Amino acid sequence: MASSSLHPPLLEWYAVSARSLPWRQANPDPWGVLVSEIMLQQTPVNRVLPAWETWMTRWPSPHDLAAEPTGEAVRMWGRLGYPRRALRLHAAAVACVEKFGGRVPTTYEDLRSLPGVGDYTAAAVLAFAYGRRSVVLDTNVRRALARLLDGKALAGPSVTKAERRRAEEVLPDDEATAALWSVALMELGALVCTATSPSCTACPVATMCTWLASGRPAHDGPIRAAQPFAGTDRQVRGLIMAVVRDAENPVAKASLDAVWPDPMQRERALDSLVVDGLVDPLPDGTYGLPTS
DNA sequence: GAAACGTGGCT
DNA sequence: TAGCCAAGTTT
């Protein structure tokens, strides 16, 4: 198959060009890999790096995190965004302890049973922590394959069956090579085949790229709807969380009221945070991080 | 399948 | 500068 000629140049490129990331070790720690993957969901590597170091120093195993209140996980999450991920990671640690002997599970099904672990993260842990052959389909891989094989500027909004099948087809048969291919393809998407300004002159597989060969045509499909933020409940939730998280002790309601002018929206945001378990309303009327 | 869910850097 | 974008998951 023609695509097999992609393998040598990409693997060679990865060997010399890959970033040295702390969760990528010769003998990777599965817990460290899981933590990194959850943190990296929609959050750039540069912001994850220091948070991951701090987190792993404090909680070097699932057992260590599981022994702490969820609020500590939320506090340590800092400004990574989407703080429900901190709760899910904590719950995943508890599940590792209670169901999997304190270890990160080693099968796709068991990984998927962990809170916060979807198809991508399960596949990534299998490949990067355990060296298994798995179809790792993140936004980087999807964009790179769309360009290389389909000649499309961008992948569609959701993973199609054809897309998954094609990713499976180009995945090397050998287990260890497949795992390496997956991380290499992801790295290519992150460093070279980027969304806005790809560096085709630096691309190890440029000569085999359908998109480049056809003159890098612009995206022709429907334009992805912009994700609003300013003025949304998400913004208000973020403002409230910042106050609660950065205070040493539970805060008065007035401190939370100060973050947003509209009382209706403010209450709605606070209520949703309480429902999510990110904020704990205390009997004395103050609000803190959950202590259990 | 669409919508909700944070944050900050870059162009 | 306003908008785009970043290793997705859940409901």
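It should be emphasised that the depicted structure is a prediction, and the values quoted were computed from it without experimental measurement.
Within residues 73-83 of chain A, the residues having any heavy atom closer than 4.0 Å to DNA chain B are, in order of number, A/R79, A/L80, A/G81, A/Y82, A/P83. Of the residues in residues 153-161 of chain A, not one comes within less than 4.0 Å of DNA chain C through any heavy atom. Of all the residues in residues 235-270 of chain A, not one reaches under 4.0 Å from DNA chain C with any non-hydrogen atom.
Note: A/W181 CH2 to A/L10 CG = 5.0 Å, rounded to the nearest 0.5 Å.
Ranking B/dA4, C/dA7, C/dC4 by closeness to the A/L21 side chain, first place goes to C/dA7.
Residue A/R85 has no polar side-chain atom (N or O) positioned under 4.0 Å from OP1 or OP2 of C/dA7.
Residue A/F229 contributes atom CZ, which lies 10 Å from atom C1' of B/dC5 at whole-angstrom precision. Taking atom CG of residue A/L185 and atom P of nucleotide C/dA7, one finds them 12 Å apart after rounding to whole Å. To the nearest angstrom, C1' of C/dC5 lies 11 Å from CG of A/N140. Atom-to-atom, CG of A/L278 to P of B/dA4 comes out at 18 Å; the value is rounded to the nearest Å. When rounded to the nearest whole Å, the span between CD of A/Q227 and P of B/dG8 equals 15 Å. The distance from atom CG of A/L111 to atom P of C/dG8 is 17 Å, rounded to the nearest whole Å.
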Under 3.5 Å, which donor-acceptor pairs do the side chains of residues 190-205 of chain A form with other protein atoms, sequence neighbours left out?
| residue | atom | partner | partner atom | Å |
| --- | --- | --- | --- | --- |
| A/T194 | OG1 | A/S197 | O | 3.2 |

Hey, what are the protein-to-nucleotides 9-11 of chain C N/O distances that come in under 3.5 Å?
| residue | atom | partner | partner atom | Å |
| --- | --- | --- | --- | --- |
| C/dT9 | OP1 | A/G118 | N | 2.8 |
| C/dT9 | OP1 | A/G118 | O | 3.4 |
| C/dT9 | OP1 | A/T121 | N | 3.0 |
| C/dT9 | OP1 | A/T121 | OG1 | 2.8 |
| C/dT9 | OP2 | A/Y120 | N | 3.4 |
| C/dT10 | OP1 | A/G116 | N | 2.7 |

I'd like a table of atom pairs between the protein and nucleotides 9-11 of chain B - only N or O on both sides, under 3.5 Å - with the distance next to each one.
none

Next item on the list: List the steps, then state whether side chain to side chain donor-acceptor pair (under 3.5 Å) holds for A/R24 with A/S36.
Entry: CA-CA 10 Å; A/R24 282 185 192 158; A/S36 77; over 6 Å; no

